[in-house]
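Counting starts at 1 for both ligands and their atoms, in listed order.
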Amino acid sequence: MLASAARRSCRRSSSQIRRLLGSSAPPAVVPGPCIVPKRGNDILNDPWYNKDTAFPTTERDRLGLRGLLPPRVMSFKEQYERFINSYRSLENNTRGEPESMVALAKWRILNRLHDRNETLYFRVLIDNIKDFAPVIYTPTVGLVCENYSGLFRRPRGMYFSANDKGEMMSMIYNWPAEKVDMIVVTDGSRILGLGDLGVQGIGIPIGKLDLYVAAAGINPQKVLPVMLDVGTNNKKLLEDKLYLGLRQPRLEGEEYLAIVDEFMEAVRARWPKAVVQFEDFQMKWAFETLERYRNRFCTFNDDIQGTAGVALAGLLGAVRAQGLPLQDFPNQKIVVVGAGSAGIGVLNMAKQASLRMPGIHITEGHNQFWVLDKDGLITKAREGLDPAVAGFARGSGPDEIPDLQEGASLVEVVKKVKPHALLGLSGVGGIFNEEVLKAMKESDSPRPAVFAMSNPTTKAECTPDDVFKHVGENAIFASGSPFSNVALGNGKTGYANQANNMYLFPGIGLGALLSGARIISDGMLEAGAECLASYITDDDIQKGILFPPVSRHITAQVGAAVLRAAVAEDLAEGCDDVGPKELASMSEVPYYEEINITSLKFEPMAMSEVLTKLTVLLTVGNGGLRRSKNVVPHLQPPCEQKINRENLTGSTEADAPDILFERMYQTRICFGCLLLTIFHLVAHMESIFAEIDAHGPRIWLCIAPFICLDMIMSL
Ligand SMILES: NC(=O)C1=CN([C@@H]2O[C@H](COP(=O)(O)OP(=O)(O)OC[C@H]3O[C@@H](n4cnc5c(N)ncnc54)[C@H](O)[C@@H]3O)[C@@H](O)[C@H]2O)C=CC1
Ligand SMILES: CC(=O)C(=O)O
């Protein structure tokens, strides 16, 4: 019976994939039971099972909780409202207080809930993602990482340090969850634009994985935040008495790679199908590890590849905002400030997009980019020119702007190039100053685009207020961390878009996971980016809206696009009992061509169908059926929460008909065996005694099978 329940759960998840790509209508949600392997206080101390005062009396009895909780039973809805009310009071009571203090207070209240009751935590997060994303993610996560050692109360995720060399293969089995689908790993060497924060960088994988749960519907028990602590070169941290990481300089060269290699092999050994996302590695290791693992593991680097997709979607949006066809993209002049992992990732993907534009023939040598780093404009005359950026370095050909020399300043470049788009990935706050923005006003574009993508807020290259003031009301603005829209007067709004890889990475991970792809190819990433680019309608684009708010809708669409690309490239190996062949036939749906960049159409109708289908996947939920699937049960709206079953915990016999039946069935067999044995003994008492007299212990050979059978059934 247990096995058949497991099979049913598997079938259910595969039918979710079918629905994702097929055409059947969403079935009614029938959540399954949840087995609680713990009792009493162990349940209350486990955030995964704990539901505090919401345990009804029957569950309190069954789970040994009677007397361990105050008598009043509170519904999930009441708990939910109580939390939201206390959060809102915190907001009201801290008005006018310093921003960082308020941000940390908000983070603390959410984190405490996360530590205590995950069901409630993810429910409030999912329902209020717009409000809470800036708390669990950028900008507050930056502040949390900076102060992590002082804020630390309970561990979350796994820590592999340089001292663990040779032990990781066994350490990985210390993680309590049987299955892990998504891993986000960092070495803490480049946390947002805040530099080397060592072990304190763990806040980034935690925040990113919260978004995976909220936006992609990944089961929170199947995500794993990881910190690779190879030391830190941050002097302040090394001298900080509270610092929780290794107090040693960072490992370098082969020693460093040996740690990362060992970690990756350990992951492969325990969870060969897990997707591993690299996050916030300093540039040299970001590129090195990407090249090292991309063809061997299902992995991607979010800073290089996720950011590129988001920036490209924004740049394509800026073309549309000018009323131009996408084919005009290769003619757009783009200044990129910052030649690190993010900047170079963007340049590579944007160049590929130009080369693939249909009907346009451009050569490899075509260069529409001007790239600056801390030493100014990068030209071919640069000493020790980094090969990663060499292809974008300005030369001395006829298409060059005269007098723009190696190392030219940003303002000089903007004045002379008059770019259509100015993109900041420098980690230097305020670098797009008034002079630079006023120069952008002279842009050759009627809708000059300024993307201040560095994080957190303090590192943003400029603010939307500055942009709309100095560049003009026609400007298009996007930033890595959230800003408020700007009132321009006359009822007009200057939109402050958030250009952050959070629009893509949950969909990339979801699509890769469901496809069961061996690796994550450029094609899969491009498909995700193209999907994001086509998401916004022309009307919105005209208003200056480039990106949708982060939601499960957009993640679902991106996930579908990534999955289809995996199938198209023959990389998909299938997921659960949906094999590659089945996936291939399912993905033969008409929309694929339409969301391909070669014929990019902006038809929300076509997309919305994909959306509906994928949303089904993400909303069906599994009712916590042994947590064996990707989709969290928390995703049903609170009004539909039947606390016993959908709220994850406490389901035993009364809530779990399958299991009840199974136990009854077992009990009956055991009982039957026992009766048979007794019956056998009584019925043959006389002859048994005679036998014992005659044969001695051999009589046990006759009784033993019954006793053994009985014992086995009792197990
Ligand atoms: N919005 C988003 O989705 C994302 C934003 N980012 C942000 O981008 C920033 C950079 O990230 P990475 O490329 O990984 O860092 P990185 O450290 O690899 O690169 C930084 C680059 O900026 C350049 N730079 C430094 N000072 C400069 C100056 N004064 N003028 C011009 N260039 C200067 C450096 O020379 C280097 O090329 C960070 O703040 C990060 O938070 C990164 C990934 C995603
Ligand atoms: C958003 C992000 O990944 C970063 O700032 O590094």
Side-chain angles (χ1 to χ4, degrees), residues 133-134 136-139 141-142 145 184 186 188-197 201 203-205 207-208 211 277-288 290 300-314 335-349 370-378 382 385-386 388-389 392 407-414 422-433 436 451-461 478-483 497-506 508 529 532 546-547 550:
I136 57 154
Y137 189 55
T138 184
V141 73
C145 289
V184 177
T186 185
S189 54
R190 193 286 278 145
I191 295 301
L192 306 177
L194 303 168
D196 180 353
L197 294 184
I204 296 291
K208 296 257 175 190
L211 286 177
Q277 173 172 328
F278 279 67
E279 200 65 59
D280 288 12
F281 284 67
Q282 60 180 305
M283 180 174 161
K284 66 176 174 186
W285 293 128
F287 281 104
E288 173 87 32
L290 180 61
F300 70 106
N301 184 299
D302 187 34
D303 298 300
I304 300 173
Q305 298 167 299
T307 314
V310 170
L312 176 61
V335 170
V336 177
V337 184
S341 4
I344 291 177
V346 171
L347 286 161
N348 283 331
M349 195 181 253
W370 284 259
V371 191
L372 292 91
D373 68 0
K374 60 180 179 359
D375 300 319
L377 181 69
I378 299 177
R382 170 77 58 107
L385 182 61
D386 182 345
V389 80
F392 304 99
S409 72
L410 174 58
V411 69
E412 194 187 346
V413 172
V414 174
L422 172 63
L423 206 146
L425 284 160
S426 64
V428 184
I431 196 177
F432 296 171
N433 56 25
V436 172
F451 295 174
M453 290 181 71
S454 290
N455 296 313
T457 317
T458 50
K459 304 291 177 188
E461 283 80 2
S479 54
S481 296
F483 280 93
N497 295 279
Q498 192 176 357
N500 192 293
N501 49 30
M502 70 180 173
Y503 295 118
L504 269 185
F505 73 75
I508 294 171
L532 180 64
L546 298 180
F547 300 101
V550 73

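- Screening L192, I191, I204 for a side-chain contact (heavy atoms from CB on, under 4.5 Å) involving L197 leaves a single residue, I191.
- The shortest N or O to N or O distance between M283 and ligand 1 is not under 3.5 Å.
- For atom 8 (O) of ligand 1, the closest non-hydrogen atom of the protein is L425 CD2, 3.4 Å.
- Backbone and side-chain nitrogen or oxygen atoms of A499 are examined, and one is located within less than 3.5 angstrom of a nitrogen or oxygen of ligand 1.
- Distances shorter than 4.0 angstrom occur between a heavy atom of V337 and an atom of ligand 1.
- The distance from ligand 1 to the heavy atoms of G193 drops below 4.0 Å at these ligand atoms: 38 (C), 39 (O), 41 (O).
- Residue nearest to atom 22 (O) of ligand 1, selected from G376, S479, G345, S426: S426 (by heavy-atom distance).
- Near D303, meaning under 4.0 Å from any of its heavy atoms, are these atoms of ligand 1: 43 (C).
- Within 4.0 Å of ligand 2, contacts by protein heavy atoms are made from Y137, R190, L192, K208, E279, D280, D303, N455, N500, N501.
- Heavy atoms of A286 found under 4.0 angstrom from ligand 1: none, in either backbone or side chain.
- Applying the side-chain contact (heavy atoms from CB on, under 4.5 Å) criterion to K459, with sequence neighbours excluded, gives L194, S454, P456.
- Considering only residues two or more places apart in sequence or on other chains, S481 meets the side-chain hydrogen bond (donor to acceptor under 3.5 Å, both in side chains) condition with T138, N455.
- For the pair D302 and K208, the minimum side-chain heavy-atom distance is below 4.5 Å.
- Atom 28 (C) of ligand 1 has its closest protein heavy atom at I431 CD1, 3.6 Å.
- Contact record, A286 with N301: CB-ND2, 3.6 Å, taken as the closest heavy-atom pair.
- Under 4.0 Å from ligand 1, the heavy atoms of T307 that appear belong solely to its side chain.
- Protein heavy atom nearest atom 5 (C) of ligand 1, with residue, atom name and distance: M453 O, 3.1 Å.
- For F300, there are no ring pair (Phe, Tyr, Trp, His ring centres under 6.0 Å) partners, not counting sequence neighbours.
- Ranking the protein heavy atoms by distance from atom 3 (O) of ligand 1 puts N501 N, 2.9 Å first.
- With respect to atom 37 (O) of ligand 1, the closest heavy atom belonging to the protein is A339 N, 2.9 Å.
- At under 3.5 Å, a nitrogen or oxygen of A342, whether backbone or side chain, sits near a nitrogen or oxygen of ligand 1.
- For ligand 1, the atoms lying closer than 4.0 Å to a non-hydrogen atom of G480 are 1 (N).
- The G340 neighbourhood of ligand 1 comprises atoms 13 (O), 16 (P), 18 (O), 19 (O), 21 (C), 36 (C), 37 (O), with distances under 4.0 Å to a heavy atom of that residue.
- Here the protein heavy atom with the shortest distance to atom 34 (C) of ligand 1 is K374 N, 4.1 Å.
- For atom 12 (P) of ligand 1, the nearest non-hydrogen atom of the protein is R190 NE, 3.6 Å.
- Among protein heavy atoms, the minimum distance from atom 31 (C) of ligand 1 is reached at D373 O, 3.1 Å.
- Between L546 and F451 there is a side-chain heavy-atom pair separated by less than 4.5 Å.
- Close contacts between ligand 1 and G427 involve ligand atoms 9 (C), 39 (O) [criterion: under 4.0 Å to a heavy atom].
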Is there a side chain to side chain contact (heavy atoms under 4.5 Å, CB included) between I378 and F392 once you walk through the steps? CA-CA 8 Å; I378 299 177; F392 304 99; over 6 Å; no

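- For D373 and R382, the salt-bridge test passes: some basic side-chain N is under 4.0 Å from an acidic carboxylate O.
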